[in-house]
Amino acid sequence: MNNLSLKIEKLVPGGQGIGTLPDGKKIFLWNALPGEVISEIEITKTKSHYVEGVATQVVKKSEKRIAPRDDCYLSTSPWQVLDYHYELEEKHAILKEIFRQHELNFSGEIAKVQTDEKNFFYRNKMEYSLYYDHSDEKIHLAFHQRGSHRKTPISQSSIEQPEIFQRATEIIAELNIRHEDSRKFQSLLLRCNQNGEVSGGLYENHRPHPRFPLLEDTILGQKFSYSPNGFFQINLPVYELALAEIKKHIKTEKVLDLYAGVGTIGLSVASGQDLVLVECDKAAYRELEQNTKMCGARSVYAKSEDALGFVTPDETVILDPPRAGCHVNLLNKLLERTPPIVIYLSCNPATQARDVKILSEKYQISSVVPFNFFPRTPHLENLVVLERKHGA
């Protein structure tokens with residue numbers, strides 16, 4: 001769509017800039033910053049009430065716009081076009097707006113977005129597509145274009161740890177030496193620990209995912225082993241900042257860690273206490289069992305909403321649910337048993353705010369601290385600490 005004069009109003013929680021088309025429809029655009037004027041767009045999705053796309057020509061640029069480091073930035077990290085400190089300001093503003101929309105009462109101030117200031121080469125896990133180029137008859141690393149099933153070959157990527165991209169290029173070179181067919185493979189997954197050791201490999205179509213050698217990392221002095229293709233935090237230095245903040249709020253002997261994964265939160269902040277960790281994913285639970293062997297913590301194989309008997313009125317409860325948030329049965333049990341402290345870490349502040357609104361019947365917010373786990377992307381991790389109201 002050409003010959004527009006589309007002004008971008010603001011950034012929305014999803015990460016796009018929002019504007020209004022001449023016909024009155026709202027449009028959500030990548031590569032578009034507040035205050036910019038867009039003259040050309042590529043539409044990727046059309047719905048009855050809105051349109052999505054990518055700005056391809058910007059006639060009036062924001063002073064906060066910078067040149068992206070990677071050609072593939074729209075696929076991996078679409079906020080590479082934002083000045084980094086402006087990114088932090090926008091994430092803080094979006095979080096405040098989410099709190100306002102959910103009518104959450106908080107007498108304090110939402111903390112600044114916490115960061116280690118490392119905004120490239122931070123990811124410890126990456127999954128690549130494979131692309132066969134007929135012009136040079138070779139396989140290349142690739143990513144899917146945002147909003148499309150089309151693949152784009154890449155020559156560099158700057159958000160993962162350098163050891164990952166180096167190993168990925170070596171594997172692609174080996175495939176080309178053997179003249180492999182790229183259509184044989186689903187993707188290439190690699191993970192790297194803090195010591196630079198890389199594990200992972202190729203997923204083949206129509207075959208079970210292989211088991212790769214486990215990796216080890218130490219978080220707040222606690223050693224963890226984990227599978228490269230399992231759940232483990234992507235940005236460990238910033239994760240440690242969040243864990244240190246969580247640890248400050250644990251004041252009970254008993255601690256219940258729900259949605260525990262491989263145990264990184266509970267075991268890092270409460271390994272010396274009466275600790276119960278609950279996880280329902282079979283692969284994660286196997287690793288959780290291994291990680292709890294030496295510290296005396298109890299691991300429970302169950303969905304968190306099915307482990308309500310472990311919720312007691314004299315413990316600290318830690319929540320780190322998936323993006324969908326907490327199950328309503330769990331929220332109701334917390335309101336019934338009213339443990340004194342609920343610590344809620346979320347990768348989706350919108351569903352977190354919804355859940356906190358429900359809990360506000362008997363809890364008050366004591367602190368809100370966001371963390372920039374995923375620089376150069378719209379994603380934000382947020383920590384809310386809830387204290388039981390007097391008389392609840």
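Side-chain heavy atoms closer than 4.5 Å link hydrophobic residues (I, L, V, M, F, W, Y) into clusters, and following such links, even through other members, never connects F28 to V54. V368 and L383 fall into different hydrophobic clusters, where Ile, Leu, Val, Met, Phe, Trp and Tyr side chains are chained together by heavy-atom contacts under 4.5 Å.
For Y128, the side-chain hydrogen bond (donor to acceptor under 3.5 Å, both in side chains) partners at least two apart in sequence or on another chain are E160.
Y239 and T264 share a donor-acceptor pair across their side chains, judged by distance under 3.5 Å alone. No hydrogens or angles considered: a donor-acceptor pair under 3.5 Å links the side chains of T115 and Y84. Checked by atom type, the side-chain pair S107/Q364 shows no donor-acceptor distance below 3.5 Å. When only modelled atom types and interatomic distance are considered, H149 and Q145 share no side-chain donor-acceptor pair under 3.5 Å. Side-chain contact of E87 with N372: a donor-acceptor pair under 3.5 Å is present, judged by distance alone. Side-chain contact, T252 with T316: a donor N or O sits under 3.5 Å from an acceptor N or O. Between R65 and N31, the side chains place a donor N or O and an acceptor N or O closer than 3.5 Å (distance only, hydrogens not considered). Residues S268 and Q222 bring no donor and acceptor atom of their side chains to less than 3.5 Å of each other.
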- Message: F99 vs F106, test: ring pair (Phe, Tyr, Trp, His ring centres under 6.0 Å). Steps then yes/no.
- Response: CA-CA 9 Å; F99 267 54; F106 178 42; 7.0 Å; no
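Tested against K26 for a side-chain contact (heavy atoms from CB on, under 4.5 Å), the candidates H49, E52, E9, K47 yield a single pass: E9.
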